Every structure is written in structure tokens, then in C-alpha cells.
Amino acid sequence: MQINDYITNLPTHHDEDYLYTDAREAMSAVDTVVNASIDATGIGGSIIGSVHEMGESDAFESSIAQDLINLNTVGVDDVLSVEFNDINPQPVTINLSSNGGKSTLAQSRINITATKDSQGQLIIRTNELKSAANCVIKVDAEEGSTLDIIYIQTESVDAPVFINTKIDEANDAHVSVSTININPGFVRNNLQIDLNGEHSELKAYGIYKSEAGHIDNTTLIRHLVPNCTTEELYKGILGGNAKGAFAGRIVVAPDAQKTSAQQTNRNMLLSDDAHAYAKPQLEIYADDVKCSHGATSGQLDQTQLFYMQQRGINAETAKKLLTAAFALEVVNKIPSESVRDEINALLTNID
Amino acid sequence: MLKIENLHATVDGKEILRGINLEINEGEVHAIMGPNGSGKSTLSAVLAGNPAYTVTEGKVTFNGKDLLAMSPEDRANEGLFLSFQYPVEIPGVSMTNFMKAALNGKRKYQGLEPLSASEFLKLQREKKKFVEINNDLTNRSVNEGFSGGEKKKNEIFQMAMLEPTLRILDETDSGLDIDALRIVATGVTKLKNEKNATIVITHYQRLLDYIVPDYVHILYHGRIVMTDTKDLVQKLEKDGYDWIKEQFPD
């Protein structure tokens, strides 16, 4: 199959999971495929890094990003594997980069394994993606492992970026995924987590802030066995003509009794032309579960804004402080002090 | 300093101020009293530039400038301070960040460099001591979870930090116990000097026992219907407002 065939196969907004992001249209300018550059730091000691040629054994199934994962096999020669063993206080940072603008598609494939009882942290930065991109990250969290994954994007170009993550959790695994998109150009994050082992836990946090971009977070969390926990919280700040979407589905299988799952999406709209789309979905097939979901969108509190202005704080600064305060609930949950400081500084950056 | 001429204002299309005239000079303390719904709080909101109110007629000059043409923040930076009847809670914004943004906003307006972090903290320490404010308040989010008394003390602390030239106290005494009232009133009095002026909006005599007015105005149905010395306060305390209502029917 040629690259064009793969792109023609991509879902459009007629597909249920792509209502807010037309992947085919977004990628329509692509005529060249390259490997994204991967720069990884923090590997060493009990963290093992290796590269192998992409092969059939790397194939896997995804319920929300299969066509993008199929596309990801084109022109991607190598797979970077990172294995967390033991307890690792230092994070691994992976920087993805590319050039070429809209017509070039940069792809990469990363496999992450958190071995039994290991602890680790992975920070994936995508600021240097200066082309269209389609990245696949496959994660195995083995029994008793603890893994924090943080995606950060704070700069962008006008080209579509697709980040597809698939995570499998075994018994007693604890995984958190924080997804931060500040000033995105055009970003779609596909996040699928399968809770396959009992007493496993997932925390999924998201912050997005945009004035002119497109940001779509689509998540699918599947509770396949009993006694697992999900906490999901995404907050968006949308101004200008930005478009933000959150589509979160939590599935609780018939056997998954004693599931506890909580999903929240809150948006703050700063202008009349900004749009927030929220599609929270719970599919529950078990009867002894505790699940909740909620989605809201609101505006700046005018009494707070006036109070700040009355103290001499100009409207623009006041808005920044208030939107940062809105995001703070999520920022405080990011399991990395340096990332929290970085995001707080960006959000409250005032002259 | 402040000159209000024939000021008319509406909220939600309803006319609340119906031709206010008032002149305030440096060093003066003016009390504005009046029954509920007479327009006292509306006057303070309009002067501060609250966008919920619409000025339909009249003119206000402050330091020779057209006050009504200025944004709320420029009015503040020009020296106008409104102590809110209900100070606003802002969860997630720390008092320190809030105060720093306010102070440096004013310094920028005045063409001054922002204060360094250590200069700021030193100033904050001094002013907290000056107004007898508990250390703890500045480590929290703005007014979040503060008691009524703490909120009012926090207003006075902010006044001490910003050193405004026109201080408007909107029902500062409402909901205060006698100890908090004393601290607030003492703070306002200690911060008084010959260069600043004060407008005290209140229902009751008790705040005016501490902050002694030079002039007392009675606001009724959106107009100042009477201006006198502080002796008027005693009469209102004794006789209430009924005689005003009789003397100035609609």
C-alpha cells in the first residue's frame, strides 16, 4: 500500500470517534513520510534503552486509533524500547522533533515497559515537531509497577499532530498520564488504557489552553477485571477562535465489579468564537460499581475580574491569573514538581 | 480631588442614581448615609467603574482627569480604592501573586520599575504589622475561606499596600464584630493623611465614632438630599430615616 492509501483510510468526522477531528482531511497535504527524530535522556542504570527494526511482533490492536497505528508502520524503520527496572527517581525525557511543515509526515514508534514492581517517570516533549506527525507509544505496565507519563507541548506549528498511546496495566499497576497542550496548532491525542489486572489504577489528567488552535483529547478506558480505579480530569481554557474537544469513554466490562471510575471535564470559554465540545460516556455492564462523570463549560467570573481590576491589575493580567487558577486543580496533580513549576510559570507569565 | 456633577446611572435599565453632585478635597472625610436602596453602593460601584452599571448622564473628574473615561484598573492606579462590602474570594490566586500584580500594576502606571521579590516581601511584612493582620492571610488564596472580619482586614491591608489617595469604604462595618471593627477603623485612621480623602458609606453611627467625618451627606432616591456636619449622625441614630422620607417624598 502506498502512503496515500493509508491516508485515505483515515477516519473522517463521519466516524463516531472522530466527530471533532477529521484525520483524513488534516493529513490531506501529506506527500512525504519521514522518521521523527527521537532524542532520549535519562536512560542508563536500571533503565534500559534499545532499538529494533519494526516487525510484525510490534503490531497491536487499538479501538480508537487503529488506522493511525497502521499508518505508523509506513516508513518507520526502528522502534525505540525503554524498559524501567527497579526504582528510578530520575525521569526519562524523550524529545520528538521533525521538519517540513504540513506536507511532511514525521512518524515514530516507542515501546515502554515498566517491569514488575518498578517505578519510573517518562516525560515526552513534542515542541520540536515542526511538521505533521503521527506518533505511537505502546506501554506495558507490569504487575505492581508505578509509571507516570507526562506529555508536554507548549509550542507548535500549523500542522496536524497525532499522539496515539495504548497502555496495558497488569495487577496492582499504577499509571498516571498527564497531557499538557498549551498553544497547540492542531493536536489530537488518542489515549487508550486497558485495565487488565485487578487492583490496577489509572489517573488521566489533561490541561489544554488555546487561542487559535485545535485540540482534541479522546480517551478510552476499559475496566476489564474487578477492583480497578480510574480518576480522569481534563480542564480546558479556550479563547479567540480555538476549538477544544474532550471525548472520554469509560467501559466497565460485565466482570469488572467493584470498579471505581470518575471522569470530569471542565472548560472555560474566554470568547464568543471559542468552542468547547464535551462528550463524556460511561458504558457500564457490571452492577456493583461506583462511576460518575461530569462536563461543564463556563466563563470568567466577572466579579473576580472586577475585584482584581479595582486593585490596579490590568484586565489581561487578571484574566491570566484567573485562568491559571482554573487550571491549578489539574496542575497540582501532575506528579513532577519541575513540570508543575514550568506549567505554572507559563500560565501565570505576566509582565 | 474628586468632583461629581449631575451623575445619573442605571443598573439593568433601572435608574438608581438621579443627579449626584459632590466635591471632595484632599484631607477630607465624607460620610454618605441613607436608607437601604437609596443608591449608596451604586455610587461607589460607578466611581470604581463596575461594568454592571451604566452611566447615563453627568461628569466625574478625578485629579483633573475624566474618571468615567478610564478603565477600572486605571482608576485604581490613579489612586481610587474601593473597600468592598463583600470582598471577592478568588480560589487559586495567592494573596502574594495578587498583591504583587496590583502593586506592580500601579508602579508601571506611574512609570516605575516593578519591585524585586525581596523588596515586595519586606513591604508586605511592614504593612501587615502596621494594620495588625495575621501573617497567615497572605499565604492563602485571595479571601478564600476568610471570615467576614478577616476579609475586611484584608481590604485594609491592601489599602496599606497601595496607598490610595481616594479611599471609598462601602459598608465596611457590615458583619463586623466590635474587635474587627476597631482594627479596621484604626487601620483606616492610621493611613489617613492630609493628601488623601475618604468616603465612608455606612448605615450606622458606630464606624463614624472611629472615623470622624468632616461632612455627612444623606443619599435618598439617588440624590444627595442633605449635607451637614457630623452632628447629623446623632440625629439619624436617634430618629432613623423616616423624617427624611417624609421630607423628600417621591
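Note on naming: letters A, B, ... go to the chains in the order of the sequence lines (proteins, then strands), and numbering restarts at 1 for each one. Source: prediction; values computed, not measured.
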Would you say B:Glu73's side chain and A:Ala315's backbone share a donor-acceptor pair under 3.5 angstrom?
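The answer is yes, because a donor-acceptor pair under 3.5 Å joins these two groups.
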
Heavy-atom neighbours of [X] [atom1] exceed 12 at 6.0 Å:
X        : atom1 : value
B:Asn193 : CG    : yes
A:Asp158 : CG    : no
A:Gln90  : CD    : no
B:Phe130 : CZ    : yes
B:Lys3   : NZ    : no
B:Glu5   : CD    : yes
B:Lys190 : NZ    : yes
A:Lys203 : NZ    : no

Quick one: what part of [X] sits under 4.5 Å from any heavy atom of chain A, side chain, backbone, both or neither?
X        : result
B:Leu162 : side chain
B:Pro164 : neither
B:Leu80  : both
B:Asn143 : side chain
B:Glu78  : neither

Tell me the closest heavy-atom pair linking [X] and [Y], and the distance in Å.
X        : Y        : answer
A:Gly312 : B:Ala76  : N-CB, 3.5 Å
A:Ala325 : B:Pro91  : CB-O, 3.4 Å
A:Phe306 : B:Pro72  : CE1-CB, 4.1 Å
A:Gln304 : B:Ile90  : NE2-CA, 3.9 Å
A:Leu321 : B:Ala101 : CD1-CB, 4.0 Å

For the CG atom of A:Asp301 and the CD atom of B:Glu89, what is their distance to the nearest 0.5 Å?
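Nearest 0.5 Å value for the CG-CD distance: 11.0 Å.
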
Please report the interatomic distance CG(B:Asn97) to OG1(A:Thr317), rounded to the nearest 0.5 Å.
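That separation rounds to 11.5 Å.
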
B:Phe98 and A:Tyr307 aromatic ring geometry - parallel, tilted or perpendicular at 30°/60° bounds
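Ring orientation, 0 to 90° scale: parallel.
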
Against chain A, work out which of B:Pro114, B:Ala102, B:Ser71, B:Pro87 has the most heavy-atom pairs shorter than 4.5 Å and name it.
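That would be B:Ala102.
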
Taking the side chain as every heavy atom from C-beta outward, state whether B:Val142 and A:Met308 have any atom pair closer than 4.5 Å.
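Sidechains of A:Met308 and B:Val142: no contact.
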
Could you have a look at A:Arg311, A:Gln309, A:Glu329 and say which one has the most heavy-atom pairs with chain B under 4.5 angstrom?
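Option with the greatest count: A:Arg311.
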
Contacting moiety of A:Ala327, where chain B heavy atoms sit under 4.5 Å:
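For A:Ala327, no heavy atom lies under 4.5 Å from chain B.
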
